[in-house]
Amino acid sequence: MDRNTISVIYGKDPFEMATKLMQDCDLAALIGDRNKKIAIKPNLITSTTADHGAVTHPEIVIAIIEYLQSQGFNNIKIIESSWVGDNTKRAFAVNGYNQISARYNVPLVDVKQDSYELVSVEGIKIEISKEALKTDFLINVPVLKGHCQTLMTCALKNMKGILSDRSKRAFHSMGLSKPIAALNKAKKQDFILVDNINGDLDFEEGGTPVYTYRMLAGLDPLLMDCFCANLIGFEPDEIGYIRYAKQMGIGNSDLSKLNVRELNQAICLPSRSTGRARSLERHTLQDSACSACYANLINALARMDENGTLDDAMDSISNGKVCIGQGFRGKGMTGCGVGNCTKGLSINVPGCPPTATAIREKLESL
Ligand code: SF4
């Protein structure tokens, strides 16, 4: 796998999806030396389970451990720190990490209990976990989701879990964006497995999961975040820490050079929307829509709602609803549709599935 490639897989079994992605990327070859110290960095921001849309599915972490151990890697730790105000040990317990640790003999590192090294980057002083710094190969397993301050969170921002709580507070006082980019200059991540099964629409603490049933793998956190921004309806430059990461040379941000490898096709599973996502569904007319396609549409509608462009766009299309799904294949009719299945409609956003940004741009142009 090269740094300009992102692999994508769809499915409902996080263990199987993660395993296939690692095999496809040949993660073992990327790591190389079997004696390397490997850290798995999930997102356990709160003591909630993955169905809330905030934390990494633990089956992905199990898949990583089983894959690594089957390949002869045994120097593995799981490192994480929940956000300020929550307890990492409780988050580990709620998500079954104590059993995972015992079963696979993989230590859990609660970064809140670790000692820290004070690192100065881009004029910012950052306290970083010594365990994280001495890791030879860091596998980042973020959840792609919305965020009430930074708009989105994925690979770059998930690294906040290797900070002391004092540095986390300081990051907030500095507006988050620049220090998040600086942190990624101080400690690089080596492999990224994005949990995009059901990340939250708006908030990093979850509560409004949007079921996308997708996972992604890549090597460049900036490229991954630029791509993922598009998936949930943002232009990369709308995200402050992406702008700083570009300035600091954290990685590649040129999506024109991106090679997306889809290992399979989007799947159709029943929508399980809650809260705000459910209220946005009133603007959709779906018939057998694939989950990723539908999730991208909901994300696009959410971004438009936030920007105040939603009502005008819905007023300009027939029925005030966007058509989506395989049931529209071969149908020629008046209306607005999302995805290649609806290409017979008078207004269409092409793609299979189209990104939320592409949907948003088209709808806002009407
Ligand atoms: S365009 Fe059709 S087949 Fe493709 S992801 Fe959307 S609903 Fe599924």
Side-chain angles (χ1 to χ4, degrees), residues 6-14 16-17 20-21 24 53 144-145 194-199 201 209-218 224 227-234 255 258-273 277-278 280-304 310 313-314 317-366:
I6 291 177
S7 295
V8 181
I9 193 166
Y10 301 94
K12 57 180 180 179
D13 182 339
E16 184 183 283
M17 294 159 76
K20 285 186 174 163
L21 281 172
D24 178 70
L144 171 57
K145 53 190 170 175
V194 177
D195 179 344
N196 185 209
I197 304 291
N198 62 336
L201 187 64
V210 178
Y211 279 81
T212 316
Y213 296 105
R214 178 169 51 198
M215 286 183 62
L216 307 95
M224 181 63 82
F227 182 59
C228 286
N230 270 184
L231 290 181
I232 62 168
F234 296 109
L255 289 173
L258 172 64
N259 169 34
V260 178
R261 277 173 47 77
E262 293 201 310
L263 305 193
N264 59 6
Q265 292 191 322
I267 56 169
C268 178
L269 288 166
S271 169
R272 297 161 63 182
S273 299
R278 179 168 287 170
L280 292 167
E281 287 183 339
R282 71 186 188 280
H283 299 297
T284 71
L285 188 60
Q286 75 113 351
D287 185 352
S288 306
C290 296
S291 305
C293 215
Y294 196 63
N296 290 358
L297 173 57
I298 294 296
N299 273 288
L301 297 174
R303 308 293 84 96
M304 293 169 66
L310 181 62
M314 292 304 111
I317 60 178
S318 62
N319 301 330
K321 291 181 188 291
V322 182
C323 301
I324 183 169
Q326 297 170 57
F328 288 95
R329 274 187 187 148
K331 289 187 179 168
M333 53 192 268
T334 304
C336 174
V338 158
N340 291 349
C341 290
T342 63
K343 67 183 178 191
L345 274 67
S346 48
I347 303 168
N348 172 247
V349 186
C352 183
T355 65
T357 302
I359 298 169
R360 172 185 154 187
E361 284 174 356
K362 181 72 176 185
L363 294 179
E364 286 181 337
S365 73
L366 296 175

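In listed order, ligands and their atoms are each counted from 1.
- The Asn340 neighbourhood of ligand 1 comprises atoms 1 (S), with distances under 4.0 Å to a heavy atom of that residue.
- When heavy-atom distances to ligand 1 are checked against a 4.0 Å cut-off, Arg329 comes that close only through its side chain, counted from C-beta outward.
- Looking from atom 6 (Fe) of ligand 1 to the surrounding protein, the closest heavy atom is Cys293 SG, 2.4 Å.
- In summary, the atoms of ligand 1 found under 4.0 Å from a heavy atom of Gly351, numbered by their order in the structure, are 1 (S).
- Taking backbone and side-chain atoms together, Cys290 has no N/O/S atom less than 2.8 Å away from atom 4 (Fe) of ligand 1.
- Asn264 contributes a side-chain N or O that, together with a main-chain N or O of Tyr10, makes up a donor-acceptor pair within less than 3.5 Å.
- The closest side-chain heavy-atom distance from Leu297 to Gln286 is not below 4.5 Å.
- Close contacts of ligand 1 with Gly339, meaning ligand atoms under 4.0 Å from a residue heavy atom, involve 1 (S).
- For the pair Leu258 and Phe227, the minimum side-chain heavy-atom distance is below 4.5 Å.
- Closest to atom 4 (Fe) of ligand 1, if we only count protein heavy atoms, is Cys352 SG, 2.4 Å.
- Crowding of Lys321 atom NZ: a count of heavy atoms from other residues, nucleotides or ligands under 6.0 Å exceeding 12.
- The shortest contact between atom 2 (Fe) of ligand 1 and any protein heavy atom is with Cys341 SG, 2.3 Å.
- One distance of note links CD1 of Ile232 with CZ of Arg303; it measures 5.5 Å at 0.5 Å rounding.
- Using a 4.5 Å heavy-atom cutoff, the side chains of Val338 and Asn296 are not in contact.
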